[in-house]
Amino acid sequence: MSLHGQYDPQNIFALILRGDAPCYKIYEDDQVLAFLDIFPQSTGHVLVIPKASRARNILEVEPTVLSAMMSAVQYLTRIIVDELQPDGVQIAQFNGAVAGQTVYHIHMHIIPRWEGLHAGEHGRGKAEAEELRALQARLVERIRKA
Ligand code: 5GP
């Protein structure tokens, strides 16, 4: 599975969407779900995925879905910046294995960055559950107050 191929309904994000796998949910609306990356490249690494689309990547995604994803990315980036006060934020999206894609349900990465702190390797190093739970609580509370 890489740049071209069939959507696999057993991919981990499809399982999360169906409630068959857990996630640290931060936000959801009728079009998108956002949750913490459990192998974060930095504190507060959030993934935004469309709920209904079966697009694997940028080539396949419906423009209206992409638009909803990007609106959510902007909203959540503002929330993350307010709560975590990073010095910068990377927004990333990968298409095909050679470009770094490992999950074939389109998603956007929001990766807060701090001066002097290198981002971790992509998709490596699982975060502690307690740390993820605490972060989830902070971001959910920040959204509640927004
Ligand atoms: P990609 O490499 O496809 O751009 O991004 C996939 C992302 O999903 C990676 O950053 C990886 O850490 C994350 N990821 C992989 N498996 C899981 C999982 O089970 N739960 C969560 N929350 N993130 C995952």
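We count ligands from 1, going down the list as the structure has it; atoms in each ligand are counted the same way. Keep in mind the model is a prediction, meaning the values are calculated, not measured.
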Asker: Is it the side chain, the backbone, both or neither of Gln93 that has a heavy atom closer than 4.0 Å to ligand 1?
Answerer: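 It is neither; nothing of Gln93 touches ligand 1.
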
Asker: Quick check: Asp37 and ligand 1, any N/O pair under 3.5 Å apart?
Answerer: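 Yes, there is a polar N/O contact under 3.5 Å.
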
Asker: Using the rule that two of Ile, Leu, Val, Met, Phe, Trp, Tyr join whenever any of their side-chain heavy atoms come within less than 4.5 Å, decide whether Phe39 and Leu139 are in one cluster.
Answerer: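 Same cluster.
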
Asker: Take atom CD of Glu115 as the centre, draw a 6.0 Å sphere, and report whether it contains more than 12 heavy atoms from other residues, nucleotides or ligands.
Answerer: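 Result for CD/Glu115: open.
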
Asker: Give the contacting part of Tyr104 toward ligand 1: side chain, backbone, both or neither, where contact means a heavy-atom distance below 4.0 Å.
Answerer: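 It is neither part, as no heavy atom is under 4.0 Å.
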
Asker: Can you confirm whether Arg133 is buried at CZ, in the sense that more than 12 heavy atoms of other residues, nucleotides or ligands lie under 6.0 Å from that atom?
Answerer: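 Enclosed: over 12 neighbouring heavy atoms sit under 6.0 Å from CZ of Arg133.
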
Asker: Between Gln41 and ligand 1, which part of the residue brings a heavy atom under 4.0 Å of the ligand: side chain, backbone, both or neither?
Answerer: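 Within the 4.0 Å criterion, Gln41 makes no contact with ligand 1.
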
Asker: Do the non-hydrogen side-chain atoms of Leu33 and Lys25 ever get within less than 4.5 Å of each other?
Answerer: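 SC-SC contact between Leu33 and Lys25 confirmed.
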
Asker: Under the salt bridge (Lys or Arg N to Asp or Glu O under 4.0 Å) criterion, do Lys51 and Glu28 qualify, and how do the steps go?
Answerer: CA-CA 9 Å; Lys51 285 180 166 179; Glu28 113 175 270; 2.7 Å; yes

Asker: Please say whether Leu47 places an N or O atom under 3.5 Å from an N or O atom belonging to ligand 1.
Answerer: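 No, Leu47 has no N/O under 3.5 Å of an N/O on ligand 1.
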
Asker: For the 3.5 Å polar cut-off, considering only N or O atoms, please tell me whether Gly100 and ligand 1 meet it.
Answerer: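 Yes - when backbone and side-chain N and O of Gly100 are compared with those of ligand 1, one distance drops under 3.5 Å.
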
Asker: Suppose I only count heavy atoms of Phe35 and a 4.0 Å limit; which atoms of ligand 1 are within that range?
Answerer: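 Ligand 1 atoms under the 4.0 Å threshold to Phe35: 22 (N).
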
Asker: Number the atoms of ligand 1 from 1 as they appear, then name those within less than 4.0 Å of a heavy atom of Thr102, with their elements.
Answerer: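 Listed by number with element: 1 (P), 2 (O), 3 (O), 5 (O), 6 (C).
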
Asker: Keeping the roles fixed (side chain from His107, backbone from Ala34), state whether a donor-acceptor pair exists under 3.5 Å.
Answerer: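 No; zero donor-acceptor contacts below 3.5 Å.
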
Asker: Number the atoms of ligand 1 from 1 as they appear, then name those within less than 4.0 Å of a heavy atom of Ile12, with their elements.
Answerer: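 In order of number, 18 (C), 19 (O).
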
Asker: Hey, is ligand 1 close enough to His107 that some N/O pair sits below 3.5 Å?
Answerer: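 Yes; at least one N/O pair falls below 3.5 Å.
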
Asker: Check the side chains of Gln6 and Asp8 for a donor-acceptor pair under 3.5 angstrom, ignoring hydrogens and angles.
Answerer: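 On atom types as modelled, these side chains do not qualify, holding no pair under 3.5 Å.
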
Asker: Quick check: does any side chain N or O of Asn95 sit under 3.5 Å from a backbone N or O of Ile58, one acting as donor and the other as acceptor?
Answerer: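 Answer holds: yes.
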
Asker: Are Arg138 and Glu141 within salt-bridge range, i.e. N to O under 4.0 Å?
Answerer: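 The answer is no: the pair does not qualify as a salt bridge.
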
Asker: Taking heavy atoms and a distance under 4.0 Å, where does Phe39 meet ligand 1: side chain, backbone, both or neither?
Answerer: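 Both backbone and side chain.
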
Asker: Counting only heavy atoms, which portion of Ile38 has something under 4.0 Å from ligand 1: side chain, backbone, both, or neither?
Answerer: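 For Ile38, the contact with ligand 1 is made by both the backbone and the side chain.
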
Asker: Which of these, Phe13, Phe94, Tyr24, has its nearest heavy atom closest to atom 8 (O) of ligand 1?
Answerer: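 It is Phe13 whose heavy atom sits nearest to atom 8 (O) of ligand 1.
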
